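No experiment lies behind these values; they were computed from the predicted model shown. Note that these values count all heavy atoms, side chains included, but never hydrogens, waters or copies made by symmetry.
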Amino acid sequence: YRLDPRALNLRLTVFVAIRTGVHNAEWLKKFEEAVRDIPEIVAVHRLAGQIDYLLKVLVPGIDEYDAVYKRLTERVDIADVTSMISMETMHDSAELPVDYV
């Protein structure tokens with residue numbers, strides 16, 4: 001089954017780009033624990049390039065996103081955070097490409 005975020009009052013999708021100035025095991029452990037403890041953070045990707053991590057956050061609105069932001073930054077030191085609000089979901093599939101099997 002696939003749930004509709006809008007039906008669950010999760011109308012705002014925010015992608016959060018994070019850069020950290022620290023790259024050690026202790027920081028990573030704190031970060032992993034923090035993002036797992038915050039249920040509004042539904043996906044976390046570690047990236048190559050200028051951005052270290054990309055988070056997908058689902059919330060009812062901007063006030064709830066601000067609360068998520070504060071919970072995360074209280075637990076983990078982050079050098080830079082850029083929040084990008086999705087205006088429209090044009091494609092989002094749970095299907096996986098199987099041509100590579």
Taking salt bridge (Lys or Arg N to Asp or Glu O under 4.0 Å) as the definition, give me every residue that meets it alongside [X], ordered by chain and number, with sequence neighbours left out.
{"X": "R2", "value": "D92"}
{"X": "R46", "value": "none"}
{"X": "E64", "value": "none"}

Quick one: [atom1] on [X] to [atom2] on [Y], what's the gap to the nearest 0.5 Å?
{"X": "T20", "Y": "D52", "atom1": "OG1", "atom2": "CG", "value": "6.0 Å"}
{"X": "Y65", "Y": "K70", "atom1": "OH", "atom2": "NZ", "value": "11.5 Å"}
{"X": "K56", "Y": "L58", "atom1": "NZ", "atom2": "CG", "value": "5.5 Å"}

Write down the atom of [X], the atom of [Y], and the distance for their closest heavy-atom approach.
{"X": "G21", "Y": "A79", "answer": "N-CB, 3.6 Å"}
{"X": "V14", "Y": "S83", "answer": "CG1-CB, 4.0 Å"}
{"X": "A34", "Y": "V76", "answer": "CB-CG2, 3.8 Å"}
{"X": "I51", "Y": "I18", "answer": "CG2-O, 3.6 Å"}
{"X": "I62", "Y": "L12", "answer": "N-CD2, 3.6 Å"}

I need the full list of side-chain hydrogen bond (donor to acceptor under 3.5 Å, both in side chains) pairs touching residues 8-19, with sequence neighbours left out, sorted by first then second residue.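 Every candidate side-chain hydrogen bond (donor to acceptor under 3.5 Å, both in side chains) pair involving residues 8-19 fails, so no pair, neighbours aside, qualifies.
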According to the side-chain hydrogen bond (donor to acceptor under 3.5 Å, both in side chains) rule, which pairs have a member within residues 28-42, sequence neighbours left out?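 Qualifying pairs, neighbours excluded: D37-R75, E40-R71.
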Identify, with sequence neighbours excluded, every residue that meets ring pair (Phe, Tyr, Trp, His ring centres under 6.0 Å) alongside Y69.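 For Y69 there are no ring pair (Phe, Tyr, Trp, His ring centres under 6.0 Å) partners, ignoring immediate neighbours.
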What residues form a ring pair (Phe, Tyr, Trp, His ring centres under 6.0 Å) with Y53, not counting sequence neighbours?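 So Y53 forms a ring pair (Phe, Tyr, Trp, His ring centres under 6.0 Å) with W27, F31.
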With sequence neighbours excluded, tell me which residues meet side chain to side chain contact (heavy atoms under 4.5 Å, CB included) with L8.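 Only L3, L10 meet the side chain to side chain contact (heavy atoms under 4.5 Å, CB included) criterion with L8.
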Just jot down the side chain to side chain contact (heavy atoms under 4.5 Å, CB included) partners of A67, sequence neighbours excluded, or say none.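 By the side chain to side chain contact (heavy atoms under 4.5 Å, CB included) rule, A67 matches no residue at all.
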I'd like to check the side-chain hydrogen bond (donor to acceptor under 3.5 Å, both in side chains) partners of S86; sequence neighbours left out, ordered by chain and number.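 Result, side-chain hydrogen bond (donor to acceptor under 3.5 Å, both in side chains) vs S86: none returned.
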Please list, chain by chain and in numerical order, all residues satisfying side-chain hydrogen bond (donor to acceptor under 3.5 Å, both in side chains) with D77, sequence neighbours excluded.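 Here no residue qualifies.
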Same cluster for [X] and [Y] if Ile/Leu/Val/Met/Phe/Trp/Tyr side chains link at under 4.5 Å?
{"X": "V57", "Y": "V44", "answer": "yes"}
{"X": "L55", "Y": "V22", "answer": "yes"}
{"X": "I41", "Y": "I85", "answer": "yes"}

Between M84 and L54, is there a side-chain heavy-atom distance shorter than 4.5 Å?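 A side-chain contact under 4.5 Å exists here.
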Validation row: V81, I78 side chains within 4.5 angstrom (heavy atoms):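 They are in side-chain contact.
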By the rule that ILVMFWY residues connect when side-chain heavy atoms come within less than 4.5 angstrom, directly or transitively, which residues belong alongside M90?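 Via sub-4.5 Å side-chain contacts, M90 links to none.
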